[in-house]
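Both backbone and side-chain heavy atoms feed into the values below; hydrogens, waters and symmetry mates do not.
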Amino acid sequence: QVQLVESGGGLVQAGGSLRLSCAASGRTFSSYAMGWFRQAPGKEREFVAAISWSSGSTYYADSVKGRFTISRDNAKNTVYLQMNSLKPEDTAVYYCAADPMGYSGRYYYQYDYWGQGTRVTVSS
């Protein structure tokens with residue numbers, strides 16, 4: 001079992017930055033691929049970014065590529081999402097997720113464990 005707790009959300013003006021953190025419990029965190037998803041009001045949950053267990057591979061949705069950076073610190077059991085040049089359309093609840101199979105996938109069903117989410121609001 002892995003428990004995930006996100007933090008770092010908040011209210012920011014367009015063009016600003018936030019860094020989300022996701023702290024994981026469990027000794028096997030370093031072997032899991034990790035992902036970030038988001039869900040805006042009235043919309044389906046969508047993929048944002050993913051990272052392999054070794055940080056050797058990262059993947060991004062086209063909508064955030066060049067603005068967001070996913071990273072992880074296996075010694076701290078934490079994955080991060082640095083969000084720069086934020087836009088109002090980035091407003092959503094952001095979730096981190098863990099994939100024990102290590103696929104770093106873009107689909108929510110590939111992830112077995114989820115956090116409760118942290119809200120990000122970008123004002124125009």
Exercise. Taking only residues two or more places apart in sequence, or in another chain, which ones meet Ser63 in a side chain to side chain contact (heavy atoms under 4.5 Å, CB included)?
Worked result: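 With neighbours one apart ignored, the set is Arg38, Ala61.
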
Exercise. Among all residues two or more places apart in sequence or in another chain, which pass the side chain to side chain contact (heavy atoms under 4.5 Å, CB included) test with Asp112?
Worked result: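 Testing Asp112 for side chain to side chain contact (heavy atoms under 4.5 Å, CB included), a comparison that skips the adjacent residues, returns Pro100.
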
Problem set entry | Closest approach of Ser104 to Ala50 (non-hydrogen atoms, all atoms of both residues) | O-CB, 3.7 Å

Exercise. Closest approach of Trp36 and Ile70, non-hydrogen atoms and distance?
Worked result: CD1-CD1, 3.5 Å

Going by salt bridge (charged side-chain N to carboxylate O under 4.0 Å, His left out), name the residues that satisfy it together with [X], two or more places apart in sequence or in a different chain.
X: Asp99; result: none
X: Glu89; result: none
X: Lys65; result: Asp62

For the atom pair [atom1] ([X]) and [atom2] ([Y]), what is the distance rounded to the nearest 0.5 Å?
X: Met34; Y: Asn74; atom1: CE; atom2: CG; value: 9.5 Å
X: Leu4; Y: Gln116; atom1: CG; atom2: CD; value: 9.5 Å
X: Leu81; Y: Ser71; atom1: CG; atom2: OG; value: 8.5 Å
X: Cys96; Y: Ile51; atom1: SG; atom2: CD1; value: 12.5 Å

Do [X] and [Y] belong together in a cluster built from hydrophobic side chains that touch within less than 4.5 Å?
X: Val48; Y: Val12; value: yes
X: Met83; Y: Val64; value: yes
X: Tyr108; Y: Tyr113; value: no

Distance-only criterion, 3.5 Å: show the donor-acceptor pairs between side-chain atoms of residues 117-124 and protein atoms not counting sequence neighbours.
| residue | atom | partner | partner atom | Å |
| --- | --- | --- | --- | --- |
| Thr118 | OG1 | Gly9 | N | 3.1 |

For this session: For atom CD of Glu46, decide whether the heavy atoms of other residues, nucleotides or ligands shown that lie under 6.0 angstrom number more than 12.
Result: yes

Scan the side chains in residues 15-25 for donor-acceptor partners under 3.5 Å anywhere in the protein, sequence neighbours excluded, and list what turns up.
| residue | atom | partner | partner atom | Å |
| --- | --- | --- | --- | --- |
| Ser17 | OG | Asn84 | OD1 | 2.9 |
| Ser25 | OG | Gln3 | N | 3.0 |

For this session: Not counting sequence neighbours, list each pair that qualifies as a disulfide bond (SG atoms under 2.5 Å apart) and has a residue in residues 54-83.
Result: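 Non-adjacent pairs meeting disulfide bond (SG atoms under 2.5 Å apart): zero.
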
Exercise. Tell me, which pairs form a disulfide bond (SG atoms under 2.5 Å apart) where one or both residues lie in residues 23-74, sequence neighbours left out?
Worked result: none

Problem set entry | With Phe37 via ring-ring contact (aromatic ring centres under 6.0 Å, His included) - residues at least two apart |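 In terms of ring-ring contact (aromatic ring centres under 6.0 Å, His included), with neighbours along the sequence ignored, Phe37 is linked to Phe47, Tyr111, Trp114.
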
Exercise. Taking only residues at least two apart or on different chains, which pairs with a member in residues 66-81 satisfy salt bridge (charged side-chain N to carboxylate O under 4.0 Å, His left out)?
Worked result: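 Counting only pairs at least two positions apart or across chains, the salt bridge (charged side-chain N to carboxylate O under 4.0 Å, His left out) contacts touching residues 66-81 are Arg67-Asp90.
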
Exercise. Taking only residues at least two apart or on different chains, which pairs with a member in residues 58-107 satisfy ring-ring contact (aromatic ring centres under 6.0 Å, His included)?
Worked result: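 Sorted pair list: Tyr107-Tyr109.
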
